Amino acid sequence: MSYIPVSRSSALRERLPQSLKRLAELAYNYWWSWEPEAVALFQAIDPIAWDQVGHNPVSILENVSYDRLTQLMGDPHYLKQAQQVFEKFDRYLASDDTWAATQASGLSQENPIAYFCAEFGVHESLPIYSGGLGLLAGDHLKSASELGIPLVAVGLMYRQGYFRQRLDQSGWQEDYYVDNVFNRMPLELVCNEQGEPITTQVLVRQRMVNLQIWQAQVGRVRLFLLDADRHDNDPIDRWLTGHLYGGNQETRIAQEIVLGIGGVRALTAIGIKPAIHHLNEGHAAFCLLEVCRQEMQHSGKTFYDVEATVREQCVFTTHTPVPAGHDVFSSDLMDSFFAQYWEELKLSREQFMALGARRLGDPWEPFGMTVLALRLCRTANGVSQLHGEVSRQMWAAMFPRATEDQVPIGYITNGVHASTWTAPLIADLYNEYLGRDWADQAADPATWAKVDNIPDALLWERHQILKERLVAHARHRVCQARQQRQEDVSQIRAIDHLLDPKILTIGFARRFSPYKRGDLLMRDAERMLRIFQRTAQPLQILFSGKAHPADEEGKRIIQRVMEWCKHPDIRDRVVFIEDYDIHIARQLVQGVDVWLNNPRRPLEASGTSGQKVCFNGGINCSVLDGWWCEGYQSANGKGLNGWAIGENANTNDQAVQDKIDSDSLYHLLETEIIPLYYEQDADGIPHGWIKMMKASIKSNCPAFNTHRMLMDYVQQVYLPTAQVESKLSLAKV
Ligand SMILES: *Cc1c(COP(=O)(O)O)cnc(C)c1O
């Protein structure tokens, strides 16, 4: 392959003494982020600065003083640990006995999977994600790396990423943006043999836009991020990759052209010929057109003659269970952005527009990205069993000759990357009791069956420490926020009695989209207050999450939660942590007793935060939606490995549904959750609770991890003959 990343990591090496030079290499590979010993190496350099720079190891190494470096050089304990990590890193990169080497020999490094997504949540130091979609993509890359699956990823490098959140005195969300300083991030510009950046071009609004390509390394997987912020572009075009999910429809279509069309061209420019293009959500669907165009150019055939070949190479995952959530572009917008492009495909306007029309023959149909993807991909899948069903229903109109269950959309349920989300204290227990390869064997139920061998007292002790850590972190964040808002000194001092690690602790954190009902618990104020004010068996809850800047209703929900945080009777028991990100998510999922999720069914396609909780012994209390329909186990109407809110009761009246679900939640809290937690022995150990923690670990961890998910993708989607339960060929429609 004809690319050499300009080595900024070697410039960083120059700064470091001989025995520590390899820290620079480590800093440029996100492998470190899921290896606790590697994290500890960077943190130990300067624990305070580590937090200040957002856990970015490149920043740490750039700023560390010569004085401190010589201290570390003279510290045999540090050097030994560093040596061990370097050796583990080498073994990791060199190992060729991966799962894919034996189970997926049909895939090759020469022709990798190309995985396209508008956002990637790899780590908090690479803030180019907004929520679940990005986090799933990040975990996908990590498991692909570990399993040795040949995969490269394509996304956008946003100059300012997603917006940042702060709340004003009245609890109203203020949005602001912070520049990403690319030069201080673990990114390399992809260059040619002459050391010049490799670029590619796309036509946007009648102007050629030059794109450069950043590379982030995630274990063995390369993540390519396109960037329009170059001197040779028009000032307006430089902002094409400015913000994730910002701007209007015009920005959106332009960004999706950069991602889809630019992404395919970038891979060509780098010299990568993918075997499969995986479109993770419809944002990248224009990539299909470009694959067609290149194939036509290559073979001299017409669009309709290459269509079948292209379909063999393209697969699609849909993530949105509501029609309004799928990107569609008006025909005006399509005219102004694609008039030249359909000529290159030698299609008429009508033929071209039909590719994105849900119903053929309707000239007013807007152009749908999901429709395009369903038309031109070999397989399509939703992200949980229920979401698969909902998707088949939603897209049935495209397949007039098929019954609903013949609609060719299957499902592969989401998971999470075990080592990323498991707290080091718990991972340490797993090492001892499940075996050191527990994370590699995460998809095997036999691994998790051994959880029963962990003594209750030991598991509880570690869990309590993590809860204490969460309380301390929450106090710190709330203190910062109150200082920022210039609140009264008494308010700032009050953080000393905010939350208590001994109390039953609930967490609720995710995007504040109205369908997620962030304030459902507060629906009946009196009843909720009664529950919170039980002095013998108290309860506390932590909230975190952002509302999209254009989502007024989401912002109002946050404001209502903030009112409860100030309520004189419960202000020590309800907390909102501002500016939700991966770091806060990690603290929360590792420290809570109960993870609450109460979306409107069936709007949660899968959800993954509750899965992260399972790996740490937290217990889910959730509406039976998304993954929880598959995870929840019960006997005689009682949960064995968690709780189900509202069972399967469903109505179309939202107010009625909210009442049913909130009543059910109160009832669960009063009669099951709170009593079980406070049923503790003389040493304060709740054996019944711990039994449920263990049941949750044993049943959920083997199913809802990305190793299992990636194996499913390989076997059901990526391998050339694979088909996710698709019973009908789209070509015939
Ligand atoms: C896991 C995660 C999400 C997704 O949470 P859901 O409950 O699936 O919506 C969103 N944001 C962050 C930062 C996460 O870590």
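Note that the coordinates shown come from a computational prediction; the quantities given were computed from them, not determined experimentally. Whatever order the structure lists ligands and atoms in, that order sets their numbers, starting from 1.
Residues forming a side-chain hydrogen bond (donor to acceptor under 3.5 Å, both in side chains) with Y129 (at least two apart in sequence, or on another chain): none. By the side chain to side chain contact (heavy atoms under 4.5 Å, CB included) test, A443 is found to be paired with N705, R708, M711, residues two or more places apart in sequence or in another chain being considered.
Put simply, the side chain of V623 does not reach to within 4.5 Å of the side chain of W628, judged on heavy atoms.
With respect to the salt-bridge test (charged N to carboxylate O, under 4.0 angstrom), the residues K546 and D579 qualify.
For residues 120-141, the pairs satisfying salt bridge (Lys or Arg N to Asp or Glu O under 4.0 Å) are E124-R586, D139-K142, with sequence neighbours left out.
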Are there any protein N or O atoms under 3.5 Å from the N or O atoms of ligand 1? List them with distances, or say none.
from: ligand 1; atom 1: 7 (O); to: R510; atom 2: NE; distance (Å): 3.3
from: ligand 1; atom 1: 7 (O); to: S609; atom 2: OG; distance (Å): 2.5
from: ligand 1; atom 1: 8 (O); to: T608; atom 2: N; distance (Å): 2.7
from: ligand 1; atom 1: 9 (O); to: K516; atom 2: NZ; distance (Å): 2.6
from: ligand 1; atom 1: 15 (O); to: K612; atom 2: NZ; distance (Å): 2.6

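A side-chain donor from one of Q165 and Q173 sits under 3.5 Å from a side-chain acceptor of the other.
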